[in-house]
Every structure is written in C-alpha cells, then in structure tokens.
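Taking it in order: structure first as structure tokens, then the write-up.
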2 protein chains.
Amino acid sequence: MSKQVSTLKEVALPAVTTSARMAGEERRLQILRVAMRLFAHSGFRGTTTKKIAQAAGVSEAMVFRHFATKDELYDAILDQKACDGGMGDPRVFLDDAIKRRDDRAVFETLALRMMLHHEQDTEFLRLLTHSALEGHQFSEMFWERVVTDLYEFLGGYVRERQRDGAFRNIDPVVIVRAFAGMVIHHSLNNTLWDKKRRLLDITDEQAARAFTGILLSGISEKAEARATRGRRAHQSTRRVSSRNK
Amino acid sequence: MSKQVSTLKEVALPAVTTSARMAGEERRLQILRVAMRLFAHSGFRGTTTKKIAQAAGVSEAMVFRHFATKDELYDAILDQKACDGGMGDPRVFLDDAIKRRDDRAVFETLALRMMLHHEQDTEFLRLLTHSALEGHQFSEMFWERVVTDLYEFLGGYVRERQRDGAFRNIDPVVIVRAFAGMVIHHSLNNTLWDKKRRLLDITDEQAARAFTGILLSGISEKAEARATRGRRAHQSTRRVSSRNK
DNA sequence: GTCTATACACCGATAGAC
DNA sequence: GTCTATCGGTGTATAGAC
C-alpha cells in the first residue's frame, strides 16, 4: 500500500475549497476536518456518520472508505490534536525567560500561548472536554502526557524561585493549579459562549497580563518587605505541604 | 461478539437501592435520581432509556409512564438542579463578611461553598458541562441567572473595596474571572478525575484558603494584607497602573 | 400499575452497480 | 472512486396482556 502521505502540517490552513473532484488524500483530509468540527460541537455520540457525510458533501459510504469505523475516524482526529494540536513545548518557548528568571515573562508567555492556542483551535477544548466527560482515552492520554508534564515543569520552576526567595512558600502544585485555572477557565468560557454573551471580553494579551499580574503579586515575596528590611526572622513560620515526588 | 466501543469506557455505576414496591411518586423520584446519575455520567445522548430502566430496576415502559419522553425526563432533572441544586444565595451567606469588609472571609467562604457544593453534588458540574457543550437551555439559564448575578455581586464588592483603597485598580470582572477560574477549574478537575489521578489532592478547606490567599495578595494594595487583617492603619494612596475598560 | 412484546425510526456499516 | 440500496443492530416510544 502506498496510501501513506504526510498526515498533517496543513492544520493551520482552514481555507480549503471543496471541489467536485478531489484526490483521495485531499478528500480524506476534508472529511477529517469536517468531522472534527462536528465532533467538537456535538461529541462522539451526538455526531452521526450521515451528518459527517452530508457536511462533507459526499455519500456515507465514502466516509467508510477512508475510515473503516466511526471510532477510527474519531481516533484519527484526536490523534492529530494530540500531536500537532498543541501549543508547542513550554520547555522550548519558555527557555529564555526561565534562564533570565523573568517570572513575568514565564507566566505571561505561557498564558498567552495557551489562550492563543485555545482561541485559534476552538475545537480543541471542546473535543478535550467532551472526551473527558465521556471518559475517552484521549483525555487520559492528554492528561498524562501534557498536563502532568506541565505541572512538573512549571512546578519545578516555582520551586526554584522559592529557593531563590522570590516566591512565597506555597505548594507549587497549588500555584500551578491556580494559574492553569485562571487561564483555562477563561478560555473555556470564551469557547462555550459567543461574544455577545461574554461577561469579560478582553484580548488574550490583556487577559494574560492581568492573570499573570494577579498570580505573581499573589505568590511573590513582597518587594516592599525586602526593601524595608522587613523580613523578620519569625516570619519564617511558613507552611509548606511537602508533596512526595 | 466483538461489538465493543473501544474508545469509550463503559463504567458500571453502583446500583441505587431499589425496593420492590414503591408508590407512584416515590418511584418517579427514584427514576429521576437514577437518571440524574446516568445523564451526569454519559450525557443526554450517551444515556439510553433502557439503561435508565435497568438501573432503576423497572421496565422501560415504566419510565415512559412517569415521563412522556426522554427529553421531559432530562428537563425535569435539570429543572431540579436549577432550583434546589445551588449552593445558596451568596448575598445571604456572605452578608456578614461583606459588612465587616472581611475580604478573606468573603472570598474564602465563597470558594469553600462553591467547592463543597461541587463535591457534594458531583453530578452538577458534569450536567452543566454536558449541557453547555451541547448548547442546552439549562446552561444558558444557569449562566444568565446564577453566573451573571455572581459576577455583578462580587464585582460590586470588589469595586467598593477598590474605592476604599484596599484593592488595586484592576478590572473587577477580571478579578472575579480569576477567582472563579481557580475555584471552578479545581472542582472540575476533581470531578473529572478520580482520586488516584489527581495531581493536587487537598481538602476543599485547604484549597479555598490557598486560592483566596493568592488572589488577595494578588489584588491587595497592601503588601501584607494576608498576614493580619486588623493592621490597616496607614494606607498610602499609591498609584497603580489603571486599566482602561 | 407493571410487565412483555413490538412498532418504527435511525445509525453504523456493507454490497454491488456504474 | 463514487454512488444507491440495504442489512443488522440499537434506541425511543407504544400497545396490550396480566
């Protein structure tokens, strides 16, 4: 079989016209894209192969020629999201800011990258949430691979900064959870509600800056305290719930 | 047979106590309760009337005697959640703390009430999320009635405290969003993942305290607002970057 | 009231014509 | 390759026996 072709790299390219005649691979990608949209909207069970075929402008049998089963189609979509659907590796695009110990850049860049990703690929959060609610493999895989990794990575940075005396001694996992909560909850709101119904309609840049500002002020050892030599010794009664690693 | 939904986990839920003989109203409530659990777990389309009947220990026809259609059953469940499924009125249980201008009590109490509600009624968040994803009335109603109200109420309090000079001049809606994000995202994580898979396994009390601490330190004008509440003697009117709205 | 049996529509998937 | 036709299975809802 020589059906194998480059399976992706065309993701950020929504402008694909539906011509009457399409090469096999092109048709496959088109079905994939259409199905992605429908699955994101209605979930796995809420999307019928008939709807997919109609939306793609082909017969239902055509769908099953490219994908043996509905499950296979769904998995193909989620696989793609899992692979290239991400926002990139934080260890890479945060590398510079981390080396400089630029806390603001670290968190703001990360927040912005996440939110831009969620906004550009609006299907992602919907697919992930659907899959999490249904207990699908994808959400578990995403959790174990991406989320856990992010918690370890960002938590490690927080721990370092705590040793530097820059951050207060709050459980790093709590800090990451708080940060992720602000960002993801905001993205989820923007995904689930259209613009007219949004209670908070600001740009991703503004949101990233605001959330980062709140978080950093919230976890930083106060500059004033240090400037005024106010760091009294008895203040070291910080509570840290040491987590087993 | 090899018919298996490979990608979706079919989880057997524990049975609800069923007595052989039940009065009509009691039986209705029991069906309602059982269906609630199943809908919360698998969503509307993922829950069949057959499963509901089996889980309730009655025949399928029995279900349709009490509820004319599956939709009617679903609506009855969501109606119930919308009415008594809440956590109470924040304007009531926060009244005391607000009058005392006890910021910590305000946010921590609210956070705890929300998280306890989400933990006690684990079906609520799942039902709400399912309904939001599929664009059901319920989520919109909940949004307009509960969420909007909370944003106005809590945002109003933040605005007051900003006039008092206690909080920095950040858009109140952003602050509420940040707070809600931390709390709800944490609850959602606890709802979607079982205990073994949780990256952050702390009590609701600890979480409420931690999130409140981060938020208050993050938005407070004073550096050590978190340490002691009584010491608000000399409050300097320090200028902060004002955000345009 | 409660059950068994079943009607009827729809869905996923296949066969075979062109 | 793409379509039409169709099959087995499942899901909602109903009819009618007890």
Side-chain angles (χ1 to χ4, degrees), chain A residues 1-5 16-32 34-36 38-39 41-78 130 134 136, chain B residues 1-10 16-32 34-36 38-39 41-77 130 134 136:
Chain A
M1 61 175 285
S2 60
K3 265 295 201 61
Q4 182 65 352
V5 194
V16 175
T17 55
T18 306
S19 68
R21 191 195 165 296
M22 274 179 155
E25 185 60 22
E26 199 174 352
R27 176 68 83 187
R28 183 190 148 95
L29 284 176
Q30 199 239 359
I31 292 174
L32 209 78
V34 166
M36 203 179 291
L38 293 175
F39 279 132
H41 182 262
S42 307
F44 181 75
R45 293 186 231 251
T47 303
T48 65
T49 53
K50 175 179 257 176
K51 277 191 214 161
I52 294 172
Q54 285 174 345
V58 297
S59 73
E60 212 173 336
M62 227 27 242
V63 176
F64 287 103
R65 180 159 300 276
H66 288 286
F67 304 93
T69 67
K70 188 184 174 187
D71 278 304
E72 188 180 308
L73 173 57
Y74 194 53
D75 289 343
I77 288 171
L78 297 185
H130 262 126
E134 294 171 342
H136 189 278
Chain B
M1 69 178 265
S2 63
K3 176 66 182 82
Q4 179 198 4
V5 182
S6 61
T7 53
L8 296 181
K9 276 201 305 188
E10 296 292 339
V16 167
T17 52
T18 307
S19 67
R21 185 181 298 273
M22 276 179 155
E25 186 59 21
E26 197 174 355
R27 176 66 84 186
R28 184 190 147 94
L29 285 176
Q30 200 240 358
I31 292 174
L32 210 78
V34 166
M36 202 179 289
L38 293 176
F39 279 132
H41 182 264
S42 306
F44 181 75
R45 291 190 172 97
T47 303
T48 64
T49 52
K50 175 180 261 178
K51 278 191 213 160
I52 294 173
Q54 286 174 345
V58 296
S59 73
E60 217 173 332
M62 247 357 262
V63 175
F64 286 102
R65 181 158 301 275
H66 288 285
F67 303 93
T69 66
K70 189 183 173 187
D71 278 298
E72 189 180 308
L73 173 56
Y74 194 53
D75 290 342
I77 287 171
H130 263 126
E134 54 194 39
H136 191 276

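Below, each value reflects all heavy atoms present in this structure, side chains not excepted, and no hydrogens, waters or symmetry copies. Order of the sequence lines fixes the chain letters, A, B, ..., with proteins taken first and strands second; residue numbering starts at 1 for each chain.
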Spacing of [X] atom [atom1] relative to [N] atom [atom2], expressed in whole Å:
{"X": "A/Gln54", "N": "C/dC11", "atom1": "CD", "atom2": "P", "value": "9 Å"}
{"X": "B/Tyr74", "N": "D/dT12", "atom1": "OH", "atom2": "C1'", "value": "17 Å"}
{"X": "B/Met62", "N": "D/dA13", "atom1": "CE", "atom2": "P", "value": "16 Å"}
{"X": "A/Phe39", "N": "C/dC11", "atom1": "CZ", "atom2": "C1'", "value": "13 Å"}
{"X": "B/Glu26", "N": "C/dT2", "atom1": "CD", "atom2": "P", "value": "11 Å"}
{"X": "A/Ile52", "N": "C/dC11", "atom1": "CD1", "atom2": "P", "value": "12 Å"}
{"X": "B/Arg27", "N": "C/dT2", "atom1": "CZ", "atom2": "C1'", "value": "9 Å"}
{"X": "B/Arg28", "N": "C/dT2", "atom1": "CZ", "atom2": "P", "value": "14 Å"}

Inset, instruction - Return the set of residues passing side chain to side chain donor-acceptor pair (under 3.5 Å) with A/Ser42 (not counting sequence neighbours), or none when no residue passes. - result: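 Expected list: none.
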Inset, instruction - Could you list the residues that satisfy side chain to side chain donor-acceptor pair (under 3.5 Å) with B/Thr47, not counting sequence neighbours? - result: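 Once residues adjacent in sequence are excluded, B/Thr47 has no partner under the side chain to side chain donor-acceptor pair (under 3.5 Å) criterion.
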Tell me every residue that passes side-chain contact (heavy atoms from CB on, under 4.5 Å) with [X], counting only those two or more places apart in sequence or in another chain.
{"X": "B/Phe44", "result": "B/Phe39, B/Lys70, B/Asp71, B/Tyr74, B/Glu134"}
{"X": "B/Glu60", "result": "B/Thr49, B/Lys50, B/Ala53, B/Phe64"}
{"X": "A/Ala61", "result": "A/Ser59"}

Between the protein and nucleotides 12-14 of chain C, which nitrogen or oxygen pairs are less than 3.5 angstrom apart?
residue : atom : partner : partner atom : Å
C/dG12  : OP1  : A/Lys70 : NZ           : 2.6
C/dG12  : OP2  : A/Thr49 : N            : 2.7
C/dG12  : OP2  : A/Thr49 : OG1          : 2.8
C/dG12  : N7   : A/Glu60 : OE2          : 3.4
C/dA13  : OP2  : A/Lys70 : N            : 2.7

Legend entry - Exercise: identify the closest heavy-atom pair between A/Met62 and A/Ile31: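 Closest heavy-atom pair between A/Met62 and A/Ile31: O-CD1, 4.3 Å.
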